[in-house]
Amino acid sequence: MSDDRNTRETAGDQTGTGGIGRRAFLGAAGAVAVLAPGLGLAAHAFEARPDGVPASSKHRWGMLVDTTKCKSNCHVCVDACNKENGLYEEADPKDTAQYIRKLTVHDPDTGYTHYLPVMCQHCTHPACVAVCPTGASFKRADGIVLVDRHICIGCRYCMMACPYKARSFDEYTEKNQKWYNPRGLGCVEGCTMCAHLVDEGKDPACVTACNKTGGGAMVFGDLKDPTSEISKRVATEQTTQIRADLGMDPGVRYEGI
Amino acid sequence: MKKIEYRELPAWTPGWWALMIGLLVVMAIGLAGALYMETEGHHVTGMTNQIVWGIPHVFAVFMIVAASGALNVASIGSVFGRDAYKPLGRVSGLLAISLLAGGLCVLVLDLGKPDRLIVAMTHFNITSIFAWNVYLYTGFFVVVGLYLWTMMDWTKKRFYKPAATLAFLWRLILTTGTGSIFGFLVARDAYSSAVMAPLFISMSFVFGLAIFNLILLAVYGGSGRPVSPDVIHRKARLLALFMAADLYFVVVQHITAIYWPSRDPVERFILLDGGIYTWLFWGVQVFLGAVLPMALIYRCKQVGRGLLRLVSSLAVVGGFAQVYVIVIGGQAWPLELFPGQQISSSFADGRIHSYVPSAPEIALGLGGIALVLFLVTLVSTALPFFPQALGNAEAETPAVGEAVGQAAE
Amino acid sequence: MAVMVLSAVALGSAAHAGSDAGAHAGWPHITKPIKGTHCVKPVPYMLRYHFDLLLHQREITLRKGVHGSKYDLTNCISCHVNKNANGQYIPINAPGQFCQSCHEYAAVHIDCFSCHATTPQGGGDDQTAAR
C-alpha cells in the first residue's frame with residue numbers, strides 16, 4: 001500500500017501554495033494524512049477521506065466569503081489557485097483559463113465599491129450539469145461540481161449555461177500539468193474546489209492562501225455538518241448567494257454583498 | 001394531374017466539372033481550417049472564454065435551421081395537399097438532408113475534441129437539450145430518408161402520407177429543439193425565453209424556402225429546364241408570408257424582453273447601441289432581410305425569376321445576420337453576476353466582449369456550405385430528383401414554350 | 001527517498017534478470033520498471049487488459065472520488081517511468097519509453113498524456129518552487 005501511495009507522497013512535496021515554508025508544512029501535513037488518515041489535522045474540522053472510500057453525500061462542501069475582509073489590491077487566492085492547479089498565463093489573456101478571479105463590484109448609485117473572489121459556485125442544481133450532452137459535467141456525491149475530461153467533447157454548452165462564468169476552455173497544448181489536475185487541449189475546465197486537497201482533509205488552495213497572507217475572508221467547510229464553522233456562520237449571519245434568483249443554490253456563499 | 005417526369009442532372013459537362021471541383025476545393029480549405037484549429041487549439045480562432053461559440057456556430061445553426069425549413073416545400077405538397085408543390089418534394093427532402101449534414105459537419109469539426117464524437121453517441125445525459133438534438137438530428141436523416149423513399153418508389157405509395165406527416169412533425173420538433181438550445185439558457189438575458197422555439201421555426205421557414213428557391217433557380221437556369229411563372233410567383237408570395245411571420249416573432253421576442261426590467265440593458269445593447277449588432281439587426285436582418293424583399297414582392301403583380309433570385313438572396317443574407325445577432329450578439333453582452341452593478345475583473349467581466357472571426361473559422365463554415373451544394377449536385381446527378389419541367393399549366397405559358405424551344409435547339 | 005528508488009531499481013532489474021520480454025523477434029523493447037517486483041496484476045492480464053483497467057479506474061477515481069487505487073494511472077507511472085543519466089525522469093510517453101514503445105509498434109494512439117502528467121511528480125513548476 002505504501003508503495004501505491006508513493007506518488008501521492010512525492011506529489012505532496014510539490015503541493016506548494018506559497019513559498020518554501022508553506023511547501024514544507026504541506027508536505028508534512030500530507031505525510032500525517034497518509035500515516036494516520038483518521039486523525040486529521042487539528043486546525044481543520046474535517047478529515048481526510050481514507051483510500052478506497054468514495055465521496056459521500058453526507059457532506060456538502062461549501063465556502064463562505066466575507067467580502068468586507070476582501071482587500072482591493074490583494075490577489076493571493078488567485079495566485080495560489082493558479083500555482084496549485086498548474087495554470088499559466090497564456091499568450092492571449094482572453095484565452096487564458098481562470099478558475100478563480102477577483103471581481104470589483106461598483107454600485108453606480110452609492111459609489112460603494114467592494115471586492116470578492118468568484119469561482120465555480122458548486123451549485124446544488126448546476127446548469128452546466130443539466131445541459132452537458134455527454135454527462136461530462138457532473139456533481140460528485142459531496143456536492144463538488146467537476147468536468148470529467150475523459151468524456152468532455154469540448155462543445156462549450158456548459159460555458160454558455162453557467163451564470164457565473166466559472167468555466168474556461170483549454171485552447172492550448174498544455175505541458176507541465178500537475179499530476180492531480182490533468183488538463184489539456186480541447187476540454188472545458190474549471191474550479192475543482194481543490195477536490196484533491198479536500199479529499200486529503202485540507203482546505204482548497206485559495207482559502208488557505210487567503211487565511212495565511214490575504215484578508216482572512218474565506219472559510220471552507222461542510223455545510224451538512226452543523227458543528228463546522230461554515231455551518232454555524234451560515235446559520236447565524238446574513239449570507240447571500242450570487243444570482244440566487246436563478247435557483248441553482250450555489251455552495252459558495254458571500255457576506256456583505 | 002399528369003405524371004411528373006424526373007430526370008438526373010446532366011453530368012460531366014464542363015460546367016458540372018467546374019462546379020464540383022470548385023466545391024471540393026472550398027471543402028478542402030474548410031477541412032484544413034478545422035484541422036488547424038484542432039491541432040493548434042482554439043486560441044487561433046476569434047473565439048475566447050467570453051465568446052465561446054463563434055462563426056462556425058452561426059453557419060451551423062443557420063444550416064440546421066434551414067434544413068428543417070427546406071423540407072417545408074415537400075410538406076406543403078404532401079401533408080397540406082397542394083399539388084403544385086408535389087413535384088418538388090424530392091428536391092426539398094434532398095436539400096433538407098444535405099443542409100443538416102453540412103450544419104452538423106461544421107458543428108462537429110468545431111468541437112474541442114471532434115475525435116470523441118463517438119462519446120456523444122455512447123454517453124447520453126437525459127437533461128441536456130443538446131443530447132436530445134443528437135437524436136433529433138440522426139432521426140431526421142432516417143425520417144426524411146424514408147419519406148424520400150416513399151416518394152421515389154411507387155410500390156411504397158401506401159406509406160407516402162404517413163411518412164410525410166412524420167417528417168413534418170419531426171422537423172417541427174427538431175427546430176423546437178434547436179431553438180431551445182438557446183431558449184433554455186437561463187443565465188443569459190439575451191436568450192432565456194420560450195419564444196426562441198417558435199422564433200426558430202419561423203426562421204426555418206424563411207431560410208429553407210429561400211435556399212430552396214436559389215437552388216431551384218440555379219438548376220433550372222443552368223440546365224435550361226422550364227419553370228412556369230406561376231410557380232415562381234407562388235414561391236415569392238410564400239416567402240414574403242414567412243418573412244412576415246419571422247418578423248412577428250422577432251417583435252414578440254424583443255417586446256417581451258423589453259418589458260422585463262432586468263433585460264433592458266441587453267435589449268438596449270442589441271437594438272440601440274450595440275454597434276455592429278445593432279447595425280446587423282436593423283440594417284441587414286430587418287431591412288434587407290425582410291422589409292425590403294416583402295415590399296418588392298407585394299408591389300409586384302407577377303414576380304419573375306430575377307426578382308425571386310434577388311429576394312431569396314436577401315432572405316439568406318438577412319437570415320445569416322439574424323443568426324449572427326442571436327449567437328454572437330447574445331454572447332457579446334456580458335453575464336450579469338450583479339444586476340444593476342458595475343463589475344470588472346481580469347476575466348473580462350462586465351465588459352462588452354469583442355469578436356473577430358478568424359480565417360480558419362470562416363473557411364470551416366464556408367466548407368459546410370460547399371458540402372451542402374456538393375451533396376445536392378452529386379445526388380441529383382446520380383438519381384432523378386428534379387422534375388423535367390415545373391408548373392401545372394405547362395404548354396400554355398409562353399415562358400415554358402420558350403424554354404422548351406431553347407432545350408430543343 | 002533516493003535510497004529507496006535505488007534499491008527498487010535493483011530489485012526491479014533482479015526480477016527481470018530471467019525475463020525474456022525483449023527477446024521476441026520484432027517485439028518492441030519494453031523498459032523495465034524502476035521499482036516493484038510485480039505489476040498490479042499478472043503480466044499476461046496486463047498485456048491484454050491494461051487499458052480496460054485504466055478506463056474503468058478513471059471513472060472510479062474521478063467520478064466517485066475514490067483515491068489510492070493501485071490502478072491509478074499515476075501509480076503505473078510511479079513504477080514504470082525511467083530516469084536518464086542525470087537522474088531525471090524521462091516522460092513515460094517519450095519515444096521508446098514504457099507507454100510509447102508498444103503503442104508505436106502496435107500503431108495505437110492514446111491521448112492520455114495530452115492531459116496527464118508523464119513523470120511521477122507531475123511536472124509543474126519545480127523551477128519556480130525552487131526559486
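Note on naming: letters A, B, ... go to the chains in the order of the sequence lines (proteins, then strands), and numbering restarts at 1 for each one.
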Asks: Quick check for you: among T96(A), D109(A), D92(A), V78(A), which has the greatest number of heavy-atom pairs under 4.5 Å with chain B?
Replies: T96(A)

Asks: Is the side chain of R243(A) donor-acceptor paired with the backbone N or O of E336(B) at a distance under 3.5 Å, no angle test?
Replies: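 It does hold such a pair.
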
Asks: Should the heavy atoms of other residues, nucleotides or ligands under 6.0 Å from CH2 of W132(B) be counted, would the total exceed 12?
Replies: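 No, the 6.0 Å shell around CH2 holds no more than 12 heavy atoms from other groups.
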
Asks: Can you name the residues of residues 103-115 of chain B that have some heavy atom under 4.5 Å away from a heavy atom in chain A?
Replies: D110(B), L111(B), G112(B), K113(B)

Asks: Would you say that more than 12 heavy atoms from the other residues, nucleotides or ligands in this model lie under 6.0 Å from the OH of Y112(A), or not?
Replies: yes

Asks: Given the options V119(B), T127(B), L337(B), which has more heavy-atom pairs under 4.5 Å with chain A than any of the others?
Replies: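 Answer, by heavy-atom pair count under 4.5 Å with chain A: L337(B).
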
Asks: Relative to chain B, which segment of I100(A) carries a heavy atom at a distance below 4.5 Å: side chain, backbone, both, or neither?
Replies: neither

Asks: Out of V186(B), V44(B), L335(B), return the one with the most heavy atom pairs under 4.5 angstrom to chain A.
Replies: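 Of V186(B), V44(B), L335(B), L335(B) has the most heavy-atom pairs under 4.5 Å with chain A.
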
Asks: Is I151(A) close to chain B through its backbone or its side chain, or both, or neither, when contacts mean heavy atoms under 4.5 Å?
Replies: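 When you check distances to chain B, atoms from both the backbone and side chain of I151(A) fall under 4.5 Å.
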
Asks: Select one option (side chain, backbone, both, neither) describing which atoms of A161(A) are under 4.5 Å from chain B's heavy atoms.
Replies: both

Asks: Just how far is it from atom CE of M47(B) to atom CG of D95(A), taken to the nearest 0.5 Å?
Replies: 10.0 Å

Asks: What part of S262(B) gets within 4.5 angstrom of chain A, counting heavy atoms only: side chain, backbone, both, or neither?
Replies: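 No part of it gets close to chain A.
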
Asks: Side chain to side chain contact (heavy atoms under 4.5 Å, CB included) between K94(A) and H43(B): does it pass, once the steps are laid out?
Replies: CA-CA 9 Å; K94(A) 284 209 290 297; H43(B) 71 94; over 6 Å; no

Asks: Search all heavy atoms of M160(A) against all heavy atoms of V52(B) and return the closest pair with its distance.
Replies: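 Closest approach of M160(A) to V52(B): SD-CG2, 3.4 Å.
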
Asks: For chain A, which of S128(B), A187(B), G41(B), A131(B) has the most heavy-atom pairs under 4.5 Å?
Replies: S128(B)

Asks: Would you mind checking which part of H75(A) comes under 4.5 Å of any heavy atom in chain B, side chain (CB onward), backbone (N, CA, C, O), both or neither?
Replies: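 No part of it gets close to chain B.
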
Asks: Minimum heavy-atom separation for K165(A) to F347(B), with atom names?
Replies: NZ-O, 2.5 Å

Asks: Using non-hydrogen atoms and a 4.5 Å limit, figure out which bit of T39(B) sits close to chain A: side chain, backbone, both or neither.
Replies: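 Contact with chain A: backbone only.
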
Asks: Among V134(B), I343(B), N49(B), I181(B), which residue has the highest count of heavy-atom pairs closer than 4.5 Å to chain A?
Replies: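 Looking at each of V134(B), I343(B), N49(B), I181(B) in turn, N49(B) comes out on top.
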
Asks: Tell me, out of V131(A), I153(A), V105(A), who's got the most heavy-atom pairs with chain B below 4.5 Å.
Replies: I153(A)

Asks: Mind ranking G154(A), G186(A), P133(A) by heavy-atom pairs under 4.5 Å with chain B and telling me who comes out on top?
Replies: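 Maximum pair count with chain B is reached by P133(A).
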
Asks: For each of M37(B), M121(B), Q50(B), E40(B), tally heavy-atom pairs with chain A at distances under 4.5 Å, and name the one with the top tally.
Replies: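 Max contact count across the listed options: Q50(B).
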
Asks: Name the option with the most non-hydrogen atom pairs under 4.5 Å to chain A; the candidates are F338(B), F182(B), W53(B), F124(B).
Replies: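 Among F338(B), F182(B), W53(B), F124(B), the one with the most close pairs to chain A is W53(B).
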
Asks: So which bits of residues 359-366 of chain B come within less than 4.5 Å of chain A, counting non-hydrogen atoms only?
Replies: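 Result: none.
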
Asks: Would you check if H57(B) and R156(A) make a side-chain contact, meaning some heavy-atom pair closer than 4.5 Å?
Replies: yes

Asks: So, does R116(B) use its side chain to make a donor-acceptor pair with the main chain of C152(A) at under 3.5 Å?
Replies: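 Answer holds: yes.
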
Asks: Against chain B, label A97(A) side chain, backbone, both or neither, depending on which of its atoms sit under 4.5 Å from a heavy atom there.
Replies: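 Backbone only.
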
Asks: Kindly say whether P108(A) contributes a backbone atom to a donor-acceptor pair with the side chain of Q342(B) at under 3.5 angstrom?
Replies: no

Asks: Apply the side-chain hydrogen bond (donor to acceptor under 3.5 Å, both in side chains) test between S346(B) and each candidate in E89(A), K102(A), Q98(A); give the one that qualifies.
Replies: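 The passing option is Q98(A).
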
Asks: Between S345(B) (side chain) and L103(A) (backbone), is there a donor-acceptor pair under 3.5 Å?
Replies: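 No, S345(B) side chain to L103(A) backbone: no donor-acceptor pair under 3.5 Å.
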
Asks: Just so I understand: if I count every heavy-atom pair under 4.5 Å between each of S168(A), G135(A), G247(A) and chain B, which residue has the most?
Replies: S168(A)

Asks: Can you label the angle between the H42(B) ring and the F169(A) ring as parallel, tilted or perpendicular, going by 30° and 60°?
Replies: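 Judged by the thresholds at 30° and 60°, the geometry between H42(B) and F169(A) is perpendicular.
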
Asks: Quick one: does N125(B)'s side chain have a donor or acceptor within less than 3.5 Å of a partner on V129(A)'s backbone?
Replies: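 Yes, N125(B) side chain to V129(A) backbone: donor-acceptor pair under 3.5 Å.
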
